[in-house]
Structure formats: structure tokens, C-alpha cells
*Asks:* 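Pasting a structure below so you can have a look.
Given the structure is predicted, the values throughout are model-derived calculations rather than measurements. All values below were derived from every heavy atom in this structure, side-chain atoms included, with hydrogens, water molecules and symmetry-related copies excluded.
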Amino acid sequence: PSRMNIGQVLEMHLGYAYRCLSLKTREQLENTIIDDNFRQNIIDAKSKAREGRFIKLATPVFDGAQDEDIKLAFKEAGANGITIAEPAAGLLSPPLIKEFSTPYVQRIRDAVEDENFMIMYHNCGNVVPLLDNIKEIGTGAYSFGNAIDIEETLKVIPEDAVVIGNIDPAGTFRNGTPEKIRKETLELLERCGKYKNFVIASGCDIPPMTPLENIQAFFDAVDEFYQR
């Protein structure tokens with residue numbers, strides 16, 4: 001199976017979630033009034049080799065953990081939410097995204113999202129022709145990249161869902177100047193700040209080696225806009 005690429009990434013996610021769950025479980029046990037000998041065994045595990053420290057987890061090669069299992073593991077470990085990055089879906093036609101993307105993201109949302117755990121859907125592709133499908137996912141937040149005019153999404157996504165984006169992370173944050181960042185940030189807020197569910201942010205991950213003064217210029221521009 002395709003375990004040498006995305007499968008290994010998902011295995012890492014599952015392992016990290018269960019590591020956190022192990023630490024959480026051990027802390028709960030230590031703080032519970034129980035037999036002193038049992039308590040000491042738990043505490044002693046901290047100083048032992050790795051096999052005594054964490055919950056062991058194994059999944060079958062061809063029938064392993066599903067996406068919703070991994071998200072549930074993060075939820076049980078104490079996370080407040082996750083981001084589902086689905087940029088490749090931006091390459092699909094409306095019928096194909098409806099068949100091969102939207103229902104699977106919905107399945108994860110149905111399994112884990114509630115008032116204490118949020119799902120954020122991220123897509124940095126050209127999603128404008130796909131918005132009618134994407135809004136049907138029904139997550140609590142959507143993040144969009146700079147390939148689109150984000151105001152187009154705000155006209156479609158329901159008002160009770162947060163829309164996040166979409167200053168260019170490479171052209172502006174990484175390779176721009178503080179002056180350029182201030183200009184683009186203020187211009188975007190002038191157009192989209194009227195939408196109560198809009199949160200301005202980078203359109204995707206901030207690239208490595210982005211100048212700190214550019215990041216600071218972004219926050220300064222946001223402060224400038226909202227202090228008017």
C-alpha cells in the first residue's frame with residue numbers, strides 16, 4: 001500500500017497523539033488517590049526505558065487506523081482542534097471534489113467536531129468554482145490561500161463559520177518589505193473587515209527565513225486598522 005509516503009506521515013500523527021495521551025493518562029493516575037505501591041510503579045516508569053513510558057500501539061498493515069481514528073486520538077489527548085489541509089482538492093472539478101474529497105472530510109467532522117473541538121478546513125488552491133461543495137463540509141473554520149480573492153468566499157461560506165486568510169506567504173511575508181505588508185494588510189482589511197466572521201492571516205504556512213520585521217509589520221498593521 002501507499003505506506004511509504006502519506007501513510008508514514010499519518011502514522012507519525014497517530015504516534016504523537018498517543019504519546020500525548022500516554023502522558024495525560026500517567027498524570028491522571030499520579031493525581032488519583034490509589035494504592036501507594038501502584039502509584040510508585042507509575043512514577044518509576046518515568047526513569048525507565050521507552051517501553052515503560054508510553055502506550056504501545058500497533059495497526060495492521062493493510063487495515064490500519066482510519067483518518068477519523070487519528071483525529072479522535074488527538075481529541076482524547078487534549079487537543080482543542082485540528083486543521084485538515086486539502087490543497088490537492090483545489091485541482092478537482094466540482095463533481096470530482098464532491099465524490100472524492102468533501103464526503104471524507106465530512107466524515108471526520110462528524111466523528112470529532114463539537115463545541116469543545118474545532119475542525120479547520122484549509123485549501124490554498126483556486127477554490128472559487130468549488131465553494132458550493134466546500135461550504136457543505138460544515139466545519140467551524142475555513143482557511144484559504146492567496147490564489148483567490150477571499151471576499152468571494154465570505155459571500156458563500158455561512159456567517160457562523162470563521163474564514164481565515166489570505167496574505168501571500170511567499171511573495172509578501174517572505175520576499176516582501178514591511179511597507180508592502182502594511183499596504184496589503186490594510187487593503188484586505190478595508191475590503192473584508194466588514195464581515196464579522198473574517199480573520200486576517202497568512203494564506204498558508206509562513207516560509208522559513210521570513211524576516212521577523214515583516215511578521216511584526218503584519219501585526220502592527222492589524223493593530224493600526226482596529227484602533228482607528
Side-chain angles (χ1 to χ4, degrees), residues 6 9-10 12-14 16-18 20-21 24 65-92 94 96-169 173 185 188-189 191-206 218-219 222 225-226:
I6 189 64
V9 175
L10 295 176
M12 180 188 70
H13 289 173
L14 185 62
Y16 181 76
Y18 269 85
C20 294
L21 186 58
K24 179 181 177 182
Q66 302 299 307
D67 280 345
E68 51 264 44
D69 298 323
I70 299 172
K71 280 41 175 191
L72 279 169
F74 274 107
K75 184 176 183 179
E76 291 297 323
N80 297 119
I82 57 167
T83 296
I84 299 177
E86 191 76 342
L91 302 174
L92 302 177
L96 289 178
I97 195 174
K98 183 176 182 180
E99 181 177 358
F100 293 109
S101 175
T102 300
Y104 297 98
V105 180
Q106 285 177 319
R107 191 171 72 185
I108 296 171
R109 182 215 64 200
D110 291 342
V112 298
E113 189 169 52
D114 56 32
E115 61 182 11
N116 298 312
F117 191 88
M118 176 177 282
I119 300 290
M120 182 168 75
Y121 174 92
H122 172 76
N123 194 318
C124 49
N126 179 18
V127 299
V128 173
L130 310 171
L131 285 174
D132 285 339
N133 261 302
I134 289 174
K135 75 175 182 180
E136 296 301 321
I137 295 171
T139 59
Y142 294 85
S143 168
F144 297 112
N146 60 291
I148 61 165
D149 177 357
I150 201 167
E151 188 170 11
E152 294 300 313
T153 72
L154 287 159
K155 295 175 181 177
V156 178
I157 299 298
E159 293 182 357
D160 61 351
V162 177
V163 174
I164 300 169
N166 69 337
I167 301 296
D168 185 347
F173 272 102
T185 300
L188 186 57
L189 284 169
R191 290 194 300 112
C192 298
K194 61 189 175 186
Y195 296 93
K196 294 182 179 180
N197 60 330
F198 175 65
V199 176
I200 192 166
S202 170
C204 200
D205 296 344
I206 299 291
F218 167 77
F219 287 108
V222 174
F225 178 83
Y226 285 107

*Asks:* Nearest heavy-atom pair of Lys135 and Pro158: which atoms, and what distance?
*Replies:* CB-CD, 4.3 Å
*Asks:* Provide the closest heavy-atom pair for Asn146 versus Pro169 in the form atom of the first, atom of the second, distance.
*Replies:* OD1-CD, 3.4 Å
*Asks:* Please collect all salt bridge (Lys or Arg N to Asp or Glu O under 4.0 Å) contacts where either partner lies in residues 153-168, sequence neighbours excluded, each pair once.
*Replies:* Glu152-Lys155
*Asks:* For Pro94, is there any backbone N or O sitting under 3.5 Å from a side-chain donor or acceptor partner on Asn133?
*Replies:* yes
*Asks:* For Asn197 and Val163, indicate whether the former's side chain and the latter's backbone hold a donor-acceptor pair under 3.5 Å.
*Replies:* no
*Asks:* To the nearest 0.5 Å, how far apart are CD1 in Ile82 and CD1 in Ile119?
*Replies:* 3.5 Å
*Asks:* List for me each residue that meets side-chain hydrogen bond (donor to acceptor under 3.5 Å, both in side chains) alongside Asn166, sequence neighbours excluded, and say none if there are none.
*Replies:* none
*Asks:* In Å, rounded to the nearest 0.5 Å, how long is the span from CD1 of Ile134 to CG of Asn123?
*Replies:* 5.0 Å
*Asks:* Leu154 and Tyr195: which non-hydrogen atoms are nearest, and at how many Å?
*Replies:* CD1-CD1, 3.7 Å
*Asks:* To the nearest 0.5 Å, tell me how far Leu131 CG sits from Ile148 CD1.
*Replies:* 6.5 Å
*Asks:* Please round to the nearest 0.5 Å and tell me the distance separating atom CD1 of Ile157 and atom CZ of Phe144.
*Replies:* 4.5 Å
*Asks:* Drop me the distance from Lys75's NZ to Glu113's CD, to the nearest 0.5 angstrom.
*Replies:* 9.0 Å
*Asks:* Taking all non-hydrogen atoms of both residues, which atom of Val112 and which atom of Phe117 are closest, and how far apart?
*Replies:* O-CD2, 3.6 Å
*Asks:* Passes side-chain hydrogen bond (donor to acceptor under 3.5 Å, both in side chains), Glu136 versus Thr102? Steps please.
*Replies:* CA-CA 8 Å; Glu136 296 301 321; Thr102 300; over 6 Å; no
*Asks:* If you look at every heavy atom in Gly193 and Phe198, which pair is closest and at what distance?
*Replies:* N-CD2, 4.3 Å
*Asks:* Which atom pair, heavy atoms only, marks the closest approach of Cys124 to Ala147?
*Replies:* O-CB, 3.8 Å
*Asks:* Can you tell me if CG on Asp114 sees more than 12 non-hydrogen neighbours from other groups inside 6.0 Å?
*Replies:* yes
*Asks:* Say you draw a straight line from CD1 of Ile108 to CD1 of Ile137; how long is it, rounded to the nearest 0.5 Å?
*Replies:* 10.0 Å
